[in-house]
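Everything below concerns the one structure shown next.
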Amino acid sequence: MDQFKIQGGRRLEGTVRISGAKNAALPAMAACLLTAETVRLHNIPHVRDIITMAKLLAHMRCNVGSPDIPPSEFTIQAQNISHIEAPYELVKTMRASILTLGPLVARFGYARVSLPGGCSIGARPVDLHIQALEKLGAKIAVDHGYVEARADRLRGTTIHFPKITVTGTENILTAAVLAEGETILENCALEPEIPDLAELLTKMGAKIEGAGTPMIRVQGVSELHGTTHTIIPDRIEAGTFLVAGAITGGELLLTSCEPGHLGAIIEKLRECGVWIKCEGNGTIRVKAVNKLVAADVATLEYPGFATDMQAQFMALATQAHGVSHIRETIFENRYLHASEMMRMGANISIDGNLASVTGPTPLSGAPVTASDLRASAGLVLAGLVANNTTWIDRVYHIDRGYEQIENKLRAVGASIERVSQA
Ligand code: UD1
């Protein structure tokens, strides 16, 4: 298991290229199961979750190819699918494997996908995915930890999601495109990954209106075809580097990003005194010119402040003057990073889903353990400002979703290295 060794206190300066969005690439890869023709996907980040999804598709006998190493472009052809199953060994490492359920049952009339099970940031059930597929006419059985879905052909209907779910919306959208007749999805997630997926599906021949709004209307078609698509930039990676620039008192220029997807994050960081300028052509400059001040934030569905930026914001709040209140409204138990930050000297108290962070406090390097993907990003940011050395354990969590984070940080002046343990 690898660790990160971070020597804090360095000011970051330079340019960082933002990678493609993992959370857009995963449903796009699953959507390739909808056609026998080749789909070419560009701007795929080279992160562990993508490798897991590629393995899952290969397990089903898809042809998954890439012209470059590390791969940023994938060609996926799901022509000779023989194993219509997502096994536990792969699903347990990545919940998003559930995204194969909708496309598989829509195209093949059958799918067997392991239930993802618990997750360190709360229970995270998939009941809404299953209920919606049942409404589309699938017969669902849960047996030996697997969801089995069967349907001769899915039938369009109206589905109202009782709670907003990102992968739930994506899963059902990718099922409805091949259903017979019209499907209306209500109370859909608005995250930018949804219109990106709809754009890909439309290029494949799907008929979709309203993606990116609460109501999506789909006219089912009988067949989809191959296409080429470029994945949107990763808004969470961009947000993480904005905090990295601000927290280290540095100046970073982020390129290849989409400022339009970062509205709530940029607004909140500005409230904390961070100087941010969108300079056009997908670039954002961040500078620490003022002292950081406390701000309150509640995590919300898009276009609200992303729960995936909560741990990074908490790291920033430890360096801001005053008390910042953070309310986590999306996931239960998403404060595992707080106790690790406290071990580094942060002044944080937790009461249910409310965290109060009093700053600024000097952080001192300590051995800490990453508990999930975004928690690890928060700990890396804390390590960048801590004095002495911070050792972060279990960095496989960060490898799930950040492309070469240590190389990108080192290139702008951070002292961070990956230490491999035997
Ligand atoms: C996606 C993102 C994740 C992000 C999250 C919220 C991907 C691969 N992952 O996760 O990075 O943190 O959105 O922005 O895109 N819920 C149910 N039943 C369900 C589905 C969800 O109760 O069937 C609940 C969840 O437990 C959670 C809330 O709904 O409390 C939102 O979850 P959801 O939007 O589904 O998150 P994911 O799609 O898993």
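All values below were derived from every heavy atom in this structure, side-chain atoms included, with hydrogens, water molecules and symmetry-related copies excluded. First listed ligand is number 1; within each ligand, the first listed atom is number 1.
- A salt bridge links R285 with E279: the closest approach of a Lys/Arg side-chain nitrogen to an acidic carboxylate oxygen falls below 4.0 angstrom.
- Remark: ligand 1 and V166 share an N or O pair separated by less than 3.5 Å (distance only, no angle test).
- When only interatomic distances are considered, the shortest N/O to N/O separation between K22 and ligand 1 does not fall below 3.5 Å.
- The distance from ligand 1 to the heavy atoms of K163 drops below 4.0 Å at these ligand atoms: 24 (C), 28 (C), 29 (O), 30 (O).
- The proximity of R374 to ligand 1, defined as any non-hydrogen pair under 4.0 Å, does not occur for either the backbone or the side chain.
- For the pair T52/R48, a side-chain contact is recorded, criterion being any heavy-atom separation below 4.5 Å from C-beta on.
- Using modelled atom types, one side-chain atom of D296 and one backbone atom of H325 make a donor-acceptor pair closer than 3.5 Å.
- For Q319 (side chain) and T361 (main-chain N/O), a donor-acceptor pair under 3.5 Å exists by modelled atom type.
- For a threshold of 3.5 Å applied to N or O pairs, the pair formed by E170 and ligand 1 contains no separation below that value.
- Of the inter-residue distances, the one linking I236 atom CD1 with H261 atom NE2 reads 11.5 Å to the nearest 0.5 angstrom.
- When side chains are defined from C-beta on, D143 does not count as touching E148, because their heavy atoms never get closer than 4.5 Å.
- Backbone and side-chain nitrogen or oxygen atoms of L128 are examined, and one is located within less than 3.5 angstrom of a nitrogen or oxygen of ligand 1.
- Ion pairing between E271 and K268 holds under the 4.0 Å rule for side-chain N and carboxylate O.
- Considering only non-hydrogen atoms, atom 3 (C) of ligand 1 lies nearest to D308 out of D127, T167, D308.
- Between K203 and E199 there is a salt bridge, since a side-chain N of the basic residue sits under 4.0 Å from a carboxylate O of the acidic one.
- Taking the side chain as every heavy atom from C-beta outward, M314 and Y335 approach each other to under 4.5 Å.
- The contact set between ligand 1 and I330, taken as ligand atoms under 4.0 Å from a residue heavy atom, comprises 27 (C), 30 (O), 31 (C).
- Atoms of ligand 1 lying under 4.0 Å from at least one heavy atom of R95, given by number and element, are 39 (O).
- If you number the atoms of ligand 1 from 1 as listed, the ones under 4.0 Å from a heavy atom of V126 come out as 19 (C), 23 (O).
- Remark: ligand 1 atoms within the under-4.0 Å shell around heavy atoms of H129 are 23 (O).
- For R334, the closest heavy-atom approach to ligand 1 falls below 4.0 Å.
- Remark: distances from the non-hydrogen atoms of P125 to ligand 1 include one below 4.0 Å.
- Taking every non-hydrogen atom of T307 and a distance limit under 4.0 Å, the qualifying atoms of ligand 1 come out as 6 (C), 12 (O), 14 (O).
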